Chemist: 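One structure, as structure tokens, below. Some questions next.
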2 protein chains.
Amino acid sequence: MKELIIGVEEKLRAKEHKLTPRRELVLRVLMENSDKHLSAEEVYNLVKVKEPEVGLATVYRTLELFVNFDIINGIDFGDGRKRYEFGAGDDEHHHHHLICIKCGDIIEVDEDLLDALEERVTRDYGFSIVDHELKIFGHCKKCSGE
Amino acid sequence: MKELIIGVEEKLRAKEHKLTPRRELVLRVLMENSDKHLSAEEVYNLVKVKEPEVGLATVYRTLELFVNFDIINGIDFGDGRKRYEFGAGDDEHHHHHLICIKCGDIIEVDEDLLDALEERVTRDYGFSIVDHELKIFGHCKKCSGE
DNA sequence: TTAATTGCAAATGGTTTGCAATATT
DNA sequence: AATATTGCAAACCATTTGCAATTAA
């Protein structure tokens, strides 16, 4: 926990930005919910529990800042709002999402299963890959068993 | 061309909907640009060339209708608006997209390269797959050669 | 004291909706 | 006549932005 916060602080300071109390609050909420994929408004509501004075715009600006610093990244699960998760960091380790279309649960698949596919795309299409995003929709174990 | 239109008409009629002149106009624009991924507003502008009286809401409603009838599907390429393409139809044949982050070009990859991966997800996560969506971001051949 | 951060309210932009007018069955 | 479709303008909703007040270097 603590180390992560310090890590973020250093990351920001390295480019002349700071981890203000408000930003740290946002970071803490993200950390405490790293198993979820919170939307900006959900972060806002959770931040407000700790500090009711914080404005929604600040949350949006902080999330944008964190995205730009590769601390988190934003994903779109098709529900009309961006959601955030801690990024894979600099090590380019991607992960994928299984989205249950019944209960809305999101299951993370940590292994990167696309290596073979990426090779082919690179070779056959002359396309140099920077990033990818795989979403698999279906029914999770719980929801398919009924 | 003609056959596709008739096919759509039958598809709609089967569930008591009709292919009105306005809807056929939208369909024609989509067909004439099936190599692109038009947004609602782009469709609207192209429809207006043929028939300036058409309203934007009609275009949105028509696109929604076509999506519900599995004639087209909407995808989000991360540029803040939905884009549309003819669906794979009933045969469940998926395809993927390579998105050039420099020129914005979208290259379709017709083969479904995810079979092995899907098997693993089904087996290891007990997740029964309904659909998937793979977007690969990077530089296309043209843009990486400079 | 100069620049960055913040809260608020207003603006934005893609999309949806209420409603009255029009067209279809 | 009863129902579906359409255009228009207004509403919606997540997100962004202008600005004045506050805070930090």
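All figures in this text were calculated on a predicted structure; none of them were measured in a lab.
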Chemist: Do nucleotides 18-25 of chain D as a string where each nucleotide becomes B, S or -: B if the base has a protein heavy atom under 4.0 Å, S if just the sugar-phosphate does, - if no protein is that close.
Modeler: B-----SS
Chemist: Report the distance from atom CG of B/Leu27 to atom C1' of D/dT5, rounded to the nearest whole Å.
Modeler: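 After rounding, the gap between these two atoms is 17 Å.
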Chemist: Can you tell me how far C1' of C/dT5 sits from CG of A/Leu12, to the nearest Å?
Modeler: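 Distance, rounded to whole Å: 13 Å.
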Chemist: Name the closest nucleotide to the B/Arg23 side chain, picking from D/dT5, D/dA14, C/dT5.
Modeler: D/dT5
Chemist: To the nearest Å, give me how far apart CD (A/Glu51) and C1' (C/dT5) are.
Modeler: 14 Å
Chemist: For the side chain of A/Tyr60, counting heavy atoms from C-beta on, which of D/dT5, C/dT15, D/dT16 is nearest?
Modeler: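 For the A/Tyr60 side chain, the nearest candidate turns out to be D/dT16.
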Chemist: Expressed as a whole number of angstroms, how long is the span from B/Glu53:CD to C/dA23:P?
Modeler: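 Taking atom P of C/dA23 as the reference, CD of B/Glu53 is at 11 Å.
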Chemist: Check A/Arg83 with A/Glu42, please: is the shortest side-chain N to carboxylate O separation under 4.0 Å?
Modeler: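 Here A/Glu42 pairs with A/Arg83 in a salt bridge, since their nearest N and O are under 4.0 Å apart.
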Chemist: Using 4.0 Å as the upper bound for N to carboxylate O, is an ion pair formed by A/Arg120 and A/Glu118?
Modeler: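 Salt bridge between A/Glu118 and A/Arg120, a charged N being under 4.0 Å from a carboxylate O: no.
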Chemist: Mind calculating the distance between CZ (B/Arg22) and P (D/dC8) to the nearest angstrom?
Modeler: 10 Å
Chemist: Please confirm whether A/Phe77 and A/His37 have ring centers closer than 6.0 angstrom.
Modeler: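 Yes, close enough.
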Chemist: Is it true that A/Glu133 and A/His97 share a donor-acceptor pair across their side chains at a distance under 3.5 Å?
Modeler: no
Chemist: Is the gap between the ring centers of A/His139 and B/Phe127 under 6.0 Å?
Modeler: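 Centroid separation for A/His139 and B/Phe127: 6.0 Å or greater.
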Chemist: Just grab all the salt bridge (Lys or Arg N to Asp or Glu O under 4.0 Å) pairs involving residues 27-40 of chain B, residues at least two apart or on different chains.
Modeler: B/Glu24-B/Arg28, B/Glu32-B/Lys50
Chemist: Take the C1' atoms of the five end pairs on each side of the helix from C/dT1-D/dA25 to C/dT25-D/dA1, get both axes, and report the angle to 10 degrees.
Modeler: 10°
Chemist: Measure from the side-chain heavy atoms of B/Lys82 and tell me the nearest of C/dT15, D/dT15, C/dT6.
Modeler: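 The answer is C/dT15, which lies nearest to the side chain.
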Chemist: Heavy atoms only, 4.0 Å cut-off, all strands: where does A/Glu64 land among base, sugar-phosphate and nothing?
Modeler: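 Contact class for A/Glu64: none.
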Chemist: Distance check needed: C/dA4 P versus A/Leu65 CG, whole Å only.
Modeler: 13 Å
Chemist: Please tell me if B/Arg81 has a side-chain N or O lying less than 4.0 Å from either OP1 or OP2 of C/dG14.
Modeler: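 For C/dG14, OP1 or OP2 has a side-chain N or O of B/Arg81 closer than 4.0 Å.
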Chemist: Between the side chains of A/Glu9 and A/Arg13, is the shortest nitrogen-to-carboxylate-oxygen separation below 4.0 Å, so that they form an ion pair?
Modeler: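 So A/Arg13 pairs with A/Glu9 through a salt bridge.
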Chemist: Rounded to whole angstrom units, what separation is found between the CD atom of A/Glu24 and the P atom of C/dT6?
Modeler: 12 Å
Chemist: B/Phe86 versus B/Leu4: any side-chain heavy-atom pair under 4.5 Å?
Modeler: yes
Chemist: May I have the distance from B/Leu56 (atom CG) to D/dA10 (atom P), rounded to whole angstrom?
Modeler: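 Taking CG of B/Leu56 and P of D/dA10, I get 15 Å after rounding.
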Chemist: Taking the side chain as everything from C-beta on, heavy atoms only, tell me whether A/Leu114 gets closer than 4.5 Å to B/Leu134.
Modeler: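 Yes. Closest side-chain heavy atoms under 4.5 Å.
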